[in-house]
Amino acid sequence: MKEDYNFLQIEKKWQEIWEKEQIFKALEDPQKTKYYCLEMYPYPSGYIHMGQVRNYSIGDVISRYKKMSGCNVIHPIGWDALGMPAENAAIRHGVHPQKWTLDNIAHMKCQLKKLGFSYDWSREVNTCLPEYYKWNQWIFLKMFEQGLAYRRISWINWCPRCQTVLANEQVIGELCWRCDSVVAQKEMEQWFLKITDYAEDLLSGHEILEKWPEHVLLMQKNWIGKSTGAHTVFPIVDSSKSIEVFTTRIDTIYGATFLALSPEHPLSRELIGDSPQREKFEEWIGRSISDFRLKKKLGTEEKEGIDTGKKALNPFSGDKIPIWIANYVLMEYGTGAVMAVPAHDQRDFEFAKDNSLSIKVVINPENTSLTENELEEAFEDYGKLVNSGPFSSKTSEEAIKEMAAYAEKNGFGHESTMYRLRDWGISRQRYWGTPIPVIYCEKCGIVGVPYEDLPVMIPHEVELKGEEGSPLEKVPSFVNTTCPHCKGNARRETDTMDTFIDSAWYYFRYTSPHEEKLPFDTKSADYWLPVDLYIGGVEHAILHLIYARFFTKILKDLGFTSIIEPFPRLLAQGMVIKDGAAMSKSKGNVVYPDDFVEKYGADTLRLFILFASPPEKEFVWSDEGVEGCHRFLHRVWTIVQENLDLFNKDSSEARRKNKEGETITLIEKKIHQTIKKVSEDIENRYHFNTAISSIMEFYNFIKKEKDNLRKDERGRSLLKEALETLVLLLTPFTPHICEELWERIGNSTYLIHTPWPAFDPDLAKEEIVTIVVQVNGKLRAKFEAERNLSQEEVKEKALSLSRIQAIVGKNKVNKIIYVENKLVNIVL
RNA sequence: GCCGGAGUGGCGAAAUUGGUAGACGCACUGGACUCAAAAUCCAGCGGAGCAUUUUGUUCCAUGUGGGUUCGAAUCCCUCCUCCGGCACCA
């Protein structure tokens, strides 16, 4: 009796069974090879979007494949549940952030379950629960003890109308996201994590990450931005003070015609001193700093400066050079002061031209000499030194080494390394985040909350209006506390942590999600970690992935883990595109998965997403493609249904071996070739699109051969084997339909516990190969030949072909190129 | 500006190590089934030409122009377009 493919019913049925039987529960088992498959956990925005469906479908293929291949797989999921959108919802709709978040999680959990992902839900992690964020606080305190968490004044975005700090993401084109006021820059005391201490580790760790996409490593490398050079001290004339600069081009130091300080440089104000134009200077410096902080303007802003009237002594040349304050010098890189070499640095060149400062050539290109008057732009390449005292005529490379050594010997400089990486500012004046566990006491200063008092709970009762600073400041019961040391009155820190902290270590928590004494159990973490495959959007290439690597290194230094890199293998998936743009609410081109699950089923949606393009590429959504995949699943369903009788009759006779003397049939070959191809595509390349296409080819082949095969006993047995293989190979992609068919053909095991089919390399080999015959590189003929025929035989055969003879004719054969089992190229 | 990545039929793509360009799917066209339609099944499907009863066969085609090679979508150089990252980092 033929039955229709009722996907809705089938998917519901198996999802319930899987859940009831808890077949995806991961247990530590030292006997088995573990496999940790991790996908980036979602923010509970309300709906699972297509990007996440793609992310999780990829992970599910790998997880299911690895399980069938005998690995002990951990495949967890959780919620990145703290963050701004919950607060915005509260401000706009008056719903409490916690309720909003938990409701969203409940809904999205349903969505994920309807897609049939093989998650171990017993390990679900939710970062907005005290059981989780308690450990953010715990780790923070450990870092605070080590001096890795510290407080300092820094610049933040400030909305003058709302009277509040804005995160960078809340500044939209220099305007406040809420009230459209122009955002100002303001200095505030903030908490920082000393990620810069780990700059070198983060960089050298790349060596282990050979299986990361190169462009991601490159982005991180640029972000860390290591450069080597030298520090040099320029004494200020008629003063006991001096100015230190960092340069990568100490070879150009004889060409330094002025120093430029950042307006924020501690000496700037002092150097202006009692200058007659002091007031103008003060105004300019104030304006310059905040202008300058508006990131958008960086690089486009006109270079401006003020002459302090003071001079500094170039320790190499003995020249007295003017000290300027210039808006193009960054305070937070290097020393906040630069030696300006207009002839060999384009920025200095422009500044010198605008301010009529002198220009001095000290590097010449090979075989040319430059003159100051003719320079139209700075010559920035390496070359040969001139006008550089004892270093003249050396090459830049030589001079860089020797001059740094000279400076060191004479006590005014030394070789040094700089990074662009900045310390991680984690303070947020926000409600829906992890409270920073610190208490301010007038007597005792900054005191960490004692471990036994953790967690510092996010207070439930709070007024969220989106105005005036941190919401927690206005909760007296939260703010007012006692000092753990002196028991006197004290004030609690009201800033909360950046939510990137939560995601910096959640994959540790998955390994022991119910651990109560520590953030995670070290033994469990040692068993499961590192993550064998981490899959996620390429948009997290820098921030999240650097923070997670940083936290792992800290946890290692604290002795809680032995791993040095959390994610040895990263699969950065491409974006989901529709109508030429990334799917996003603001673009209005979002397609929600639910409608498709309803209409075609989860299996179809998953198959389509995986089939459309390889994971690292962009995925272009098209409504029509879905139909094709749905049709394919229908066909698979039908062909198995039509041949159910095979499985009833001789179910005792499992896969049979070929008897002596029986030739290997095409269908056998196809079975083994397909298993090989699909396994390799999943295992080595993660190219699911080609894996699926070869399953489709396999189906087409079965379809064509089935009537023939049914004619004799051997054929029937092979057809049966082919159909079984078809179901097994499809399982990681479309698990529900496969589970149903697997049951219908008489199996009682879950597919996840069924071994992935193995291929026989001998059977997968082609015995007859097509040899291509080219003449002068152009395809002229083909013939079939036995595999591994000798070179002579193949050449002879190729030359004997009548077509080839006609073409070759009387021409002289120069040489013949031979590629084994592939081609012959006759060169005339 | 600097650093990456990509560009292949009408569309998504394939070609894994330099060796048959376009697998697989979508769309489209024709046919079968049907009173009819949908669904399904079968066949065709880069362009141009020649020949022809089909089987054939030639030329052109992987953004542009060059190069290396017996042979290039693949390697090298030029330019164009699109995407991503960084962006006064001394």
Side-chain angles (χ1 to χ4, degrees), chain A residues 213-223 225-227 229 245-250 252 260 292 295-301 303 326-330 332-341 344-348 350-351 418-422 538-539 541-542 574-575 577 580 582 607-608 611-614 616-629 631-632 634-635 638 677 680-681 684-685 687 689-700 703 770-782 803 814-820 822-828:
Chain A
E214 214 156 325
H215 71 278
V216 173
L217 290 177
L218 223 104
M219 277 196 237
Q220 290 203 353
K221 196 179 159 200
N222 292 339
W223 185 262
K226 179 178 180 170
S227 52
V245 301
F246 170 75
T247 178
T248 54
R249 292 299 301 276
I250 197 169
T252 64
F292 186 64
K295 273 213 158 176
K296 267 207 102 174
K297 286 195 184 170
L298 282 178
T300 54
E301 185 85 321
K303 292 180 176 47
N327 66 348
Y328 72 93
V329 182
L330 295 168
E332 60 272 86
Y333 185 76
T335 62
V338 300
M339 64 172 212
V341 186
H344 304 294
D345 182 287
Q346 187 58 26
R347 295 157 300 182
D348 299 343
E350 285 163 23
F351 190 83
M418 279 291 146
Y419 301 90
R420 304 165 83 136
L421 187 69
R422 308 280 147 82
V538 70
E539 65 273 17
I542 299 179
M575 284 189 295
I577 303 284
L607 188 70
F608 170 58
F611 178 57
S613 56
E616 69 277 4
K617 256 183 117 163
E618 276 177 356
F619 159 63
V620 180
W621 180 268
S622 78
D623 289 355
E624 298 83 32
V626 184
E627 297 268 2
C629 288
R631 265 202 296 261
F632 175 68
H634 256 287
R635 292 185 193 127
T638 306
K677 169 81 175 146
E680 287 173 356
D681 277 351
N684 305 340
R685 307 202 294 165
H687 276 205
N689 55 333
T690 50
I692 293 166
S693 70
S694 57
I695 296 174
M696 288 174 170
E697 281 181 72
F698 183 45
Y699 162 84
N700 290 341
K703 169 102 190 164
T770 305
I771 303 285
V772 170
V773 186
Q774 297 181 334
V775 178
N776 289 338
K778 288 203 163 152
L779 172 68
R780 294 299 168 184
K782 299 174 198 179
R803 269 197 48 67
N814 254 339
K815 67 172 162 177
I816 298 177
I817 311 277
Y818 169 77
V819 181
E820 198 179 27
K822 247 186 196 152
L823 119 171
V824 175
N825 187 8
I826 300 160
V827 185
L828 298 181

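Letters A, B, ... mirror the listed sequences (proteins, then strands); counts begin at 1.
Look at the P atom in both B:rC24 and B:rA15: the space between them is 14 Å, to the nearest Å. Taking atom P in both B:rC45 and B:rU57, one finds a spacing of 15 Å when rounded to whole Å. Using C1' as the reference atom, B:rA14 and B:rG4 are 25 Å apart when rounded to the nearest Å. If you take atom P in B:rG19 and the same atom in B:rC88, they sit 44 Å apart, rounded to whole Å.
The side chain of A:Asn700 places an N or O atom within less than 4.0 Å of a non-bridging phosphate oxygen (OP1 or OP2) of B:rG25. Residue A:Ser227 places at least one side-chain N or O closer than 4.0 Å to OP1 or OP2 of B:rA90.
Position along RNA chain B of the nearest nucleotide to A:Tyr419 versus A:Glu680 favours A:Glu680 as the more 5'-ward residue.
With its glycosidic angle more than 90° from 0, B:rG44 is assigned anti.
When distances are taken from the side chain of A:Phe246 to each of B:rG84, B:rA90, B:rC24, the shortest belongs to B:rA90. Nearest nucleotide to the side chain of A:Arg420, out of B:rC86, B:rA90, B:rC59: B:rC86.
Remark: A:Asp348 engages no residue in a salt bridge (Lys or Arg N to Asp or Glu O under 4.0 Å) (not counting sequence neighbours). Annotation: side chain to side chain contact (heavy atoms under 4.5 Å, CB included) contacts of A:Lys822 (sequence neighbours excluded): A:Val819. Partners of A:Lys226 under the salt bridge (Lys or Arg N to Asp or Glu O under 4.0 Å) rule, at least two apart in sequence or in another chain, are A:Glu200. By the side chain to side chain contact (heavy atoms under 4.5 Å, CB included) test, A:Asp681 pairs with A:Lys677, A:Arg685, A:Thr690, A:Ala691, sequence neighbours left out. Residues forming a side chain to side chain contact (heavy atoms under 4.5 Å, CB included) with A:Arg631 (at least two apart in sequence, or on another chain): A:Arg635. A search for salt bridge (Lys or Arg N to Asp or Glu O under 4.0 Å) contacts involving A:Glu820 returns nothing, not counting sequence neighbours. Partners of A:Met418 by side chain to side chain contact (heavy atoms under 4.5 Å, CB included), not counting sequence neighbours, listed by chain and number: A:Ser227, A:His231, A:Phe246, A:Tyr333. Residues satisfying the salt bridge (Lys or Arg N to Asp or Glu O under 4.0 Å) criterion with A:Arg422, sequence neighbours excluded, are absent altogether.
Among the heavy atoms of the strands, none lies under 4.0 Å from A:Ser622. No contact: A:Gly225 has no heavy atom under 4.0 Å from any strand. Residue-level contact check: A:Arg422 touches the bases, meaning some heavy atom is under 4.0 Å from a base atom. When heavy atoms are screened at a 4.0 angstrom cut-off, A:Val338 is found touching base atoms of the nucleic acid.
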Tabulated below should be each protein N or O lying under 3.5 Å from an N or O of nucleotides 40-48 of chain B; please produce it.
| residue | atom | partner | partner atom | Å |
| --- | --- | --- | --- | --- |
| B:rC41 | OP1 | A:Arg635 | NE | 3.1 |

Distances under 3.5 Å between nitrogen or oxygen atoms of protein and nucleotides 18-20 of chain B:
| residue | atom | partner | partner atom | Å |
| --- | --- | --- | --- | --- |
| B:rG19 | N2 | A:Gln774 | OE1 | 3.1 |
| B:rG19 | N2 | A:Asn825 | ND2 | 3.3 |
| B:rU20 | O2 | A:Lys782 | NZ | 2.9 |

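Counting heavy atoms from C-beta outward, A:Val773 and A:Lys782 have side chains that stay 4.5 Å or more apart.
When the C1' atom of B:rC2 is taken as reference, atom CD of A:Gln346 falls 14 Å away, rounded to whole Å.
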### Secondary-structure notation, RNA chain B, from Watson-Crick and G-U pairs under 3.5 angstrom (| other strand)
(((((((..(((......[....))).(((((.......))))).(((((.....)))))..(.(((..]....))).))))))))....
### Footprint string (nucleotides 5-15 of chain B, 5' to 3'): B base within contact, S backbone only, - free, heavy atoms under 4.0 Å
-------BSSS
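Ring centers of A:Phe619 and A:Phe608: under 6.0 Å apart, within the cut-off.
For A:His687 and A:Glu680, the side-chain atoms include no donor-acceptor pair closer than 3.5 Å.
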